[in-house]
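Encoded as structure tokens, the structure appears first; notes follow it.
We count ligands from 1, going down the list as the structure has it; atoms in each ligand are counted the same way. Side chains included, hydrogens not; waters and symmetry mates left out as well; all remaining heavy atoms used. When a residue number appears, it is its place in the shown sequence, counting from 1.
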Amino acid sequence: MSFEFFPPKTDGAQMSLGRTIAELEPLTPSFVSVTYGAGGSTRQRTREVVTWVRRETAITPMAHLTCQGHTRAEISDILDEYRQAGIENILALGGDPASDGDEPRQSDYTYATDLIDDIDAVDHFSIGVAAHPEVHPRSPDRETDRQHLAAKLRRADFAITQFFFEPHHYVRLVEELAALDIAKPVLPGIMPITNLKQIARMASLSGAGVPGPLVERLERLSDPDDVRAAGVEAATELCADLLAAGAPGLHFYTLNKSTATREIYGNLGLTTRS
Ligand SMILES: Cc1cc2nc3c(=O)[nH]c(=O)nc-3n(C[C@H](O)[C@H](O)[C@H](O)COP(=O)(O)OP(=O)(O)OC[C@H]3O[C@@H](n4cnc5c(N)ncnc54)[C@H](O)[C@@H]3O)c2cc1C
């Protein structure tokens, strides 16, 4: 079980994240991960949160690192900083190219595999990679997507998936990897929907479709508390199906809040430390 956070921007948000981590620590996650802003925009803040978790809690932290928009010298500095801070786990990501209107960024990298080369060379880190059950939006087709993912996983230790809402997406992904001789652990990413505004943002963020029946189930509810409860219930059902299908664990996109994750844990009867 693992939980994902993003680096907070303000002192208030930082305190709130500290509370969230304290509330989630008794759930004894295998690790928590901290996202990284495209092109290094959160470099400092990601490192602060990751090293704080390492220093102040009993939880193992993992730093996300995207390579697009970075030079090799910058990546080398970042890896050196993490090694010296005792960080042992990196999620190696391609990231996204600068969008229209953004400053163009100098980049020595195009794909996550290029970053894996440099992380491997340090010979210190365990390496995770991203997987996209519903196929990455920039992949020309499903087969090419799976082949690039398999190439990453031959060299990495495990994968975490983009979020999705129907268990068959995960089952099919694992079967397709098995057909390419890949049996490394793939952790399904879980994003509980806790309000209606999230639904529209999902597809634009990740390409993950929210299934019609789930949208209808949530849109029938007018009270925000009922929407939240139904979203948690749907996520619980998804988690139960994934564990029954053999998923080796679950990775929760917490959005820096603990309640939904704790409720799902409770619903699934997962143990917590008192
Ligand atoms: C668990 C998870 C965590 C994430 N965390 C962050 C984060 O912290 N910060 C952030 O900015 N983004 C994050 N993302 C988003 C991610 O950066 C984007 O989805 C990005 O577009 C792809 O990342 P990737 O690592 O899958 O890229 P890649 O593995 O580089 O793949 C990107 C595309 O290129 C293709 N490709 C790969 N290798 C090759 C090759 N050799 N030749 C041709 N095509 C190739 C792939 O098939 C795919 O279509 C995360 C995504 C996931 C699933």
Side-chain angles (χ1 to χ4, degrees), residues 1-8 29-47 49-50 61-70 75 78 82 87 89-99 102 105 107-119 127-165 169-170 173 176-177 180 182 184-191 201-208 247 249-256:
M1 301 292 160
S2 53
F3 308 139
E4 180 170 316
F5 307 115
F6 58 85
S30 314
F31 64 88
V32 297
S33 76
V34 183
T35 63
Y36 188 79
S41 59
T42 65
R43 172 172 171 177
Q44 195 69 19
R45 286 185 284 121
T46 298
R47 196 189 57 202
V49 178
V50 170
M62 176 169 75
H64 294 210
L65 184 55
T66 63
C67 61
Q68 288 210 17
H70 273 306
I75 291 291
I78 293 169
Y82 280 137
I87 305 304
N89 306 285
I90 305 270
L91 189 68
L93 297 152
D96 291 306
S99 47
D102 288 351
R105 310 179 235 124
S107 187
D108 288 343
Y109 302 87
T110 310
Y111 302 114
T113 34
D114 310 331
L115 179 58
I116 295 175
D117 287 338
D118 288 4
I119 301 175
I127 304 174
V129 293
H132 305 273
E134 293 176 74
V135 177
H136 188 273
R138 289 199 297 277
S139 293
D141 55 58
R142 190 172 192 95
E143 198 186 328
T144 315
D145 185 281
R146 296 316 188 228
Q147 276 174 357
H148 288 313
L149 174 58
K152 281 198 294 194
L153 266 172
R154 278 189 196 101
R155 305 176 46 217
D157 299 295
F158 65 99
I160 303 178
T161 77
Q162 187 54 275
F163 55 81
F164 59 92
F165 299 98
H169 293 302
Y170 174 81
L173 169 71
E176 287 164 343
L177 287 171
L180 296 169
I182 303 293
K184 301 245 173 100
V186 179
L187 290 177
I190 308 297
M191 172 82 88
R201 289 192 66 224
M202 294 296 168
S204 64
L205 275 179
S206 70
L250 303 165
H251 179 79
F252 289 90
Y253 292 98
T254 67
L255 303 178
N256 289 9

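By the 4.5 Å heavy-atom criterion applied to side chains, L149 and L180 are not counted as neighbours. Using a 4.5 Å heavy-atom threshold, the side chains of F5 and V49 count as separate. Considering only heavy atoms from C-beta on, R45 stays 4.5 Å or farther from V34 through its side chain. The side-chain heavy atoms of H70 and L115, taken from C-beta on, include no pair separated by under 4.5 Å. Contact annotation: the side chain of Y36 never approaches that of L91 to less than 4.5 Å [non-hydrogen atoms, C-beta and beyond]. F163 has its side chain out of reach of H169: every pair of non-hydrogen atoms, C-beta onward, lies at least 4.5 Å apart.
Listed by atom number, the atoms of ligand 1 under 4.0 Å from T66 heavy atoms are 9 (N), 10 (C), 11 (O). Of all atoms in ligand 1, numbered sequentially from 1 with element shown, those under 4.0 Å from a heavy atom of T35 are 8 (O). Heavy-atom proximity to S139, at under 4.0 Å, picks out these atoms of ligand 1: 46 (C), 47 (O), 48 (C), 49 (O). Short contacts between ligand 1 and Y36, defined as distances under 4.0 Å to a heavy atom of the residue, involve ligand atoms 7 (C), 8 (O), 9 (N), 10 (C), 11 (O).
Considering both main-chain and side-chain atoms, R138 comes within under 3.5 Å of ligand 1 through a nitrogen or oxygen pair. Ligand 1 has a nitrogen or oxygen under 3.5 angstrom from a nitrogen or oxygen of D96. The shortest N or O to N or O distance between G94 and ligand 1 is below 3.5 Å. By the 3.5 Å distance cut-off applied to N or O atoms, H132 is counted among the residues near ligand 1. Any N or O atom pair closer than 3.5 Å counts here, and H148 shares at least one such pair with ligand 1. Between G37 and ligand 1, no N or O atom pair is found at a separation short of 3.5 Å.
Protein heavy atom at the shortest distance from atom 22 (C) of ligand 1 is H136 NE2, 3.3 Å. Atom 2 (C) of ligand 1 has as its closest protein heavy atom Y253 OH, 3.8 Å. Remark: minimum distance from atom 52 (C) of ligand 1 to any protein heavy atom is reached at A130 CB, 3.7 Å. For atom 30 (O) of ligand 1, the closest heavy atom belonging to the protein is A112 N, 2.9 Å. Annotation: atom 5 (N) of ligand 1 to nearest protein heavy atom, H64 ND1, 3.0 Å. Protein heavy atom nearest atom 29 (O) of ligand 1, with residue, atom name and distance: K152 NZ, 2.8 Å.
Taking each heavy atom of A38 and T66 in turn, the nearest pair found is CA-OG1, 4.3 Å. The two atoms that bring A131 and A159 nearest to each other are CB-CB, 4.2 Å, heavy atoms only. Of all heavy-atom pairs between R155 and T113, the closest is NH1-O, 3.8 Å. The heavy-atom pair separating T42 from G37 by the smallest distance is OG1-N, 2.6 Å.
Taking a distance limit of 4.0 Å, we find that atom 20 (C) of ligand 1 is approached by some protein heavy atom. At least one protein heavy atom sits closer than 4.0 Å to atom 9 (N) of ligand 1.
With a 4.0 Å cut-off on non-hydrogen atoms, L93 touches ligand 1 through its backbone as well as its side chain. With a heavy-atom cut-off of 4.0 Å, L91 touches ligand 1 through its side chain alone. Contacts between H251 and ligand 1 below 4.0 angstrom, taking non-hydrogen atoms only, are absent altogether. Here F6 has no heavy atoms under 4.0 Å from ligand 1, in either its backbone or its side chain.
Ring to ring, F158 and H251 are not that close: their centroids are 6.0 angstrom or more apart.
Counted by atom type alone, T35 and H64 present zero donor-acceptor pairs between their side chains at under 3.5 Å.
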- Please step through side-chain contact (heavy atoms from CB on, under 4.5 Å) for the pair M191 and L255, ending with a clear verdict. CA-CA 9 Å; M191 172 82 88; L255 303 178; 4.1 Å; yes
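Among Y109, Y111, F163, the residue whose heavy atom sits closest to atom 37 (C) of ligand 1 is Y111.
Contact annotation: G189 has no heavy atom less than 4.0 Å from any atom of ligand 1.
Annotation: ring pair (Phe, Tyr, Trp, His ring centres under 6.0 Å) contacts of H136 (sequence neighbours excluded): H132.
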